[in-house]
Amino acid sequence: MKIQEEIESFQITNSKTIISFEKNNKNWSRFISIEGKRAYEIGNVCQTCAFYFERLEGANQKIEPKEVIDKLNNGITTIDQDLLNKISKIIPDGNYRIMLLEVEPKMVDLGTDSDYFKNEQITLWGLDGFWGIPHHTKIPYYRTKTESLDIDKELYEFLIPMYPKNYLDIERVNYYKDELLKGKKPTGISISVLDIKGPAAQGIGSIKSDISEHWCLAHYLIDGHHKLYGASETNSKMTILSFLAIDECIIDKAEYINKLTNFK
């Protein structure tokens, strides 16, 4: 990813959105819900447990910011206050770091070597001791280039749709493919969560690795599904306006600010 522009601190209050963050009654597992129905489980609060996400029954719709849809379709190059005021209406209350990112998404074939849960996660954590198989996300997702943060830290970026590609309108996909091949960079919107994870005991994975800490930046797409698929199909770059939900992240706040600044 490349951070084109960012606002390090932005607070949203009195939002009327149908999206919410939730935890289970033990405050262990975290969820994104739509209209009160859980759409994604987005991992647990344990810093030494493996990162994961999983699509649930509520993940079946986009949340479209109609007032700025034309602007997003054409692609934005800067973050302005009027734009934020309009988009904030569909974002849950909370504290955010807002980033305008340039990404080149690649769709993941689940269960192959491109799948983080089949590859990098098992290398560090090994197979799940109970299930004995790699984690299954229940939906194809997208990745960008893995980035090195330090000799023992890597950043993995995930772009996660609210619904699978068979829900998409092929004519709309083809429109964006044409636009992307002309060099345009349309913009999607995500609610994002960063989890910094590393096992308590080193050497428990299946392959010896010098990497001991995974920075997993997950962008849950709320608008821009056709653009994302089109960009993946054409090996093109697009932009994502990411609302990084600071209060929902599993992070050392001082360290994450320092590391992410390197991507400007």
Side-chain angles (χ1 to χ4, degrees), residues 1-8 10-12 15-21 32-35 39-40 42 53 55 58-105 139 141-144 157-165 167-169 172-173 175-176 179-180 184-194 217-232 236-249 260:
M1 72 173 181
K2 177 183 178 183
I3 301 176
Q4 293 190 338
E5 188 176 348
E6 68 176 336
I7 298 173
E8 289 192 2
F10 187 82
Q11 187 175 44
I12 297 176
S15 171
K16 305 300 182 185
T17 185
I18 60 176
I19 306 171
S20 60
F21 288 104
I32 293 176
S33 295
I34 300 176
E35 294 185 320
Y40 267 96
I42 61 172
F53 60 86
R55 183 182 181 230
N60 56 21
Q61 62 178 303
K62 62 180 178 179
I63 292 76
E64 190 174 80
K66 294 181 173 60
E67 293 177 89
V68 293
I69 198 67
D70 289 340
K71 199 169 188 178
L72 295 172
N73 289 346
N74 291 324
I76 64 173
T77 57
T78 189
I79 306 171
D80 63 70
Q81 190 62 49
D82 181 62
L83 179 77
L84 286 183
N85 289 341
K86 291 173 179 176
I87 295 178
S88 294
K89 296 176 183 178
I90 63 170
I91 306 296
D93 288 352
N95 298 302
Y96 292 89
R97 180 175 185 164
I98 301 174
M99 300 180 290
L100 180 60
L101 307 174
E102 181 183 84
V103 298
E104 187 173 347
I139 191 172
Y141 61 96
Y142 303 79
R143 293 181 64 178
T144 65
E157 190 173 25
F158 307 86
L159 294 149
I160 305 159
M162 279 296 164
Y163 47 75
K165 64 181 182 179
Y167 279 39
L168 300 177
D169 181 337
R172 196 63 180 163
V173 170
Y175 167 79
Y176 283 116
E179 293 293 287
L180 289 155
K184 294 187 177 180
K185 296 178 183 175
T187 304
I189 300 174
S190 73
I191 296 175
S192 306
V193 178
L194 173 64
L217 179 57
H219 304 291
Y220 295 90
L221 206 68
I222 58 177
D223 181 74
H225 293 73
H226 296 86
K227 304 165 192 175
L228 183 61
Y229 184 57
S232 177
S236 299
K237 294 178 181 178
M238 62 175 290
T239 55
I240 297 290
L241 186 61
S242 163
F243 287 75
L244 182 64
I246 303 302
D247 299 333
E248 310 302 327
C249 298
L260 287 191

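In terms of heavy atoms, Ile76 sits closest to Thr239 at O-OG1, 4.1 Å. In terms of heavy-atom proximity, Ala39 sits nearest to Ala59 at O-CB, 3.3 Å. The shortest non-hydrogen separation linking Pro105 to Leu159 is CB-CD1, 3.7 Å. Residues Ile63 and Asp223 come closest through the heavy atom pair O-CB, 4.0 Å. When all heavy atoms are compared, the tightest approach of Ser242 to Leu101 is CB-CD1, 4.0 Å. Annotation for Pro186 and Asn73: closest pair CB-O, 3.3 Å, computed over non-hydrogen atoms.
Of the residues listed (Glu104, Glu179, Glu102), the one engaging Lys185 in a salt bridge (charged side-chain N to carboxylate O under 4.0 Å, His left out) is Glu102, and it is the only one. For the ring-ring contact (aromatic ring centres under 6.0 Å, His included) test with Tyr40, the passing option among Phe21, Tyr163, Tyr220 is Tyr220; the others fail.
Although no hydrogens or angles enter the test, the distance criterion places a donor-acceptor pair under 3.5 Å between the side chain of Thr17 and the main chain of Ile90. Although no hydrogens or angles enter the test, the distance criterion places no donor-acceptor pair under 3.5 Å between the side chain of Gln4 and the main chain of Leu100. Formation of a donor-acceptor pair under 3.5 Å by the Asp93 side chain with backbone atoms of Ser15 is found in this model. Proximity of a side-chain donor or acceptor of His226 to a complementary backbone N or O of Tyr176 within less than 3.5 Å is not detected.
Residues Ile18 and Gln61 have side chains in contact (heavy-atom distance under 4.5 Å, counting atoms from C-beta outward). When side chains are defined from C-beta on, Arg143 counts as touching Phe158, because their heavy atoms get closer than 4.5 Å. Within the 4.5 Å cutoff, side-chain heavy atoms of Ser20 are placed close to those of Ser33.
Note that CD1 of Ile189 and CD1 of Ile69 are 7.0 Å apart. Values are rounded to the nearest 0.5 Å. Considering CD1 of Ile191 and CD1 of Ile42, their distance stands at 9.5 Å, rounded to 0.5 Å. Atom OG of Ser236 is separated from atom CG of Leu228 by 11.5 Å, given to the nearest 0.5 angstrom.
Using a 30° and 60° split on the angle between ring planes, Phe53 and Tyr141 fall in the perpendicular class, above 60°.
Using a 4.0 Å cut-off between a side-chain N of Lys or Arg and a carboxylate O of Asp or Glu, Lys71 and Asp80 qualify as a salt bridge.
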